[in-house]
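Here the structure is a predicted model, which means the values were calculated and not measured. Count residues from 1 along the sequence. Just so it is clear, the values below take in all heavy atoms, side chains as well, and ignore hydrogens, waters and symmetry mates.
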Amino acid sequence: MKPLQSMNNVDKGKLLATLFPEQVQGILDSLTAAHSFLNENEETLRSTWENTLLPLDFWLQLAEQAREIINHYGQKLAKSTSLFSDQLFDGYIAIFTIDCIVKHAASVPPLPENSRYRLAVQLLFNHYTASP
């Protein structure tokens, strides 16, 4: 295994899915929910969006790309760590995926079995923040 500082987003995504396969479906659900939220609230978001580094239209494109990947590959994403990481952590889509993972990890119930997952997300992706 590569040292953490040498890992790219695809490597980190694969490691997370390998260590916590039970969380992958929740991550996929989180991506789908984020896409739905953005589409349902686009008008409101347009008037309140303050992130100039990531314009709303770009964020919407990333959300749509994630939705298309999930629709195309379906449960194969949950079964293959390579497919999961290659599709959702390569290129700009990684920004959206990681943002959803950080939010997903913060929302899992504070049970002992979830504490390692939350710590792993912090370790791998702590320096990422993307959207409100």
Does any N or O in the side chain of Ser30 come within less than 3.5 Å of the main-chain N or O of Gly26, such that one atom is a donor and the other an acceptor?
-> no
Return yes if some donor-acceptor pair links the side-chain N/O of Ser47 with the main-chain N/O of Thr44 below 3.5 Å, else return no. yes
Heavy-atom distance under 4.5 Å between the side chains of [X] and [Y], does that happen here?
X	Y	value
Thr97	Leu31	yes
Leu4	Lys12	yes
Asp99	Trp59	yes

Nearest 0.5 Å, please: how far is [atom2] in [Y] from [atom1] in [X]?
X	Y	atom1	atom2	result
Gln23	Ile101	CD	CD1	10.5 Å
Asn41	Thr48	CG	OG1	9.0 Å
Leu38	Leu56	CG	CG	7.0 Å

Step through the shown structure and confirm whether more than 12 heavy atoms of other residues, nucleotides or ligands are within 6.0 Å of CZ on Phe58.
yes
- [ ] For Glu43, look at atom CD and say whether over 12 heavy atoms of other residues, nucleotides or ligands are found less than 6.0 Å away.
- [x] no
Taking only residues two or more places apart in sequence, or in another chain, which ones meet [X] in a side-chain contact (heavy atoms from CB on, under 4.5 Å)?
X	result
Leu53	Asn51
Leu119	Gln122
Pro112	none
Asn8	Val10, Asp11

Ala78 and Gln25 have their tightest heavy-atom pair at CB-OE1, 4.1 Å
Between Leu77 and Ile70, the two heavy atoms sitting closest are CD1-CA, 3.8 Å
Show me the donor-acceptor pairs within less than 3.5 Å that the side chains of residues 60-68 make with the rest of the protein, sequence neighbours left out.
from: Glu64; atom 1: OE1; to: His35; atom 2: NE2; distance (Å): 2.8
from: Glu64; atom 1: OE1; to: Arg67; atom 2: NE; distance (Å): 3.3
from: Glu64; atom 1: OE2; to: Arg67; atom 2: NE; distance (Å): 3.1
from: Glu64; atom 1: OE2; to: Arg67; atom 2: NH2; distance (Å): 2.4

List, one per line, each side-chain donor-acceptor pair under 3.5 Å for residues 81-89, sequence neighbours excluded.
from: Ser82; atom 1: OG; to: Lys14; atom 2: NZ; distance (Å): 3.0
from: Ser85; atom 1: OG; to: Thr81; atom 2: O; distance (Å): 2.9
from: Ser85; atom 1: OG; to: Ser82; atom 2: O; distance (Å): 3.2

Residue set satisfying side-chain hydrogen bond (donor to acceptor under 3.5 Å, both in side chains) with Arg46, at least two apart, ordered chain then number -> Glu42, Asp57
Hits for side-chain hydrogen bond (donor to acceptor under 3.5 Å, both in side chains) against Asp90, two or more places apart or cross-chain, chain-then-number order -> none
Applied to residues 17-40, the salt bridge (Lys or Arg N to Asp or Glu O under 4.0 Å) test, sequence neighbours excluded, yields none
Those residues at least two apart in sequence (or on a different chain) that pass ring pair (Phe, Tyr, Trp, His ring centres under 6.0 Å) with Phe37 are none
Sorted by chain and number, sequence neighbours left out, ring pair (Phe, Tyr, Trp, His ring centres under 6.0 Å) with Tyr117 holds for Phe20, His104
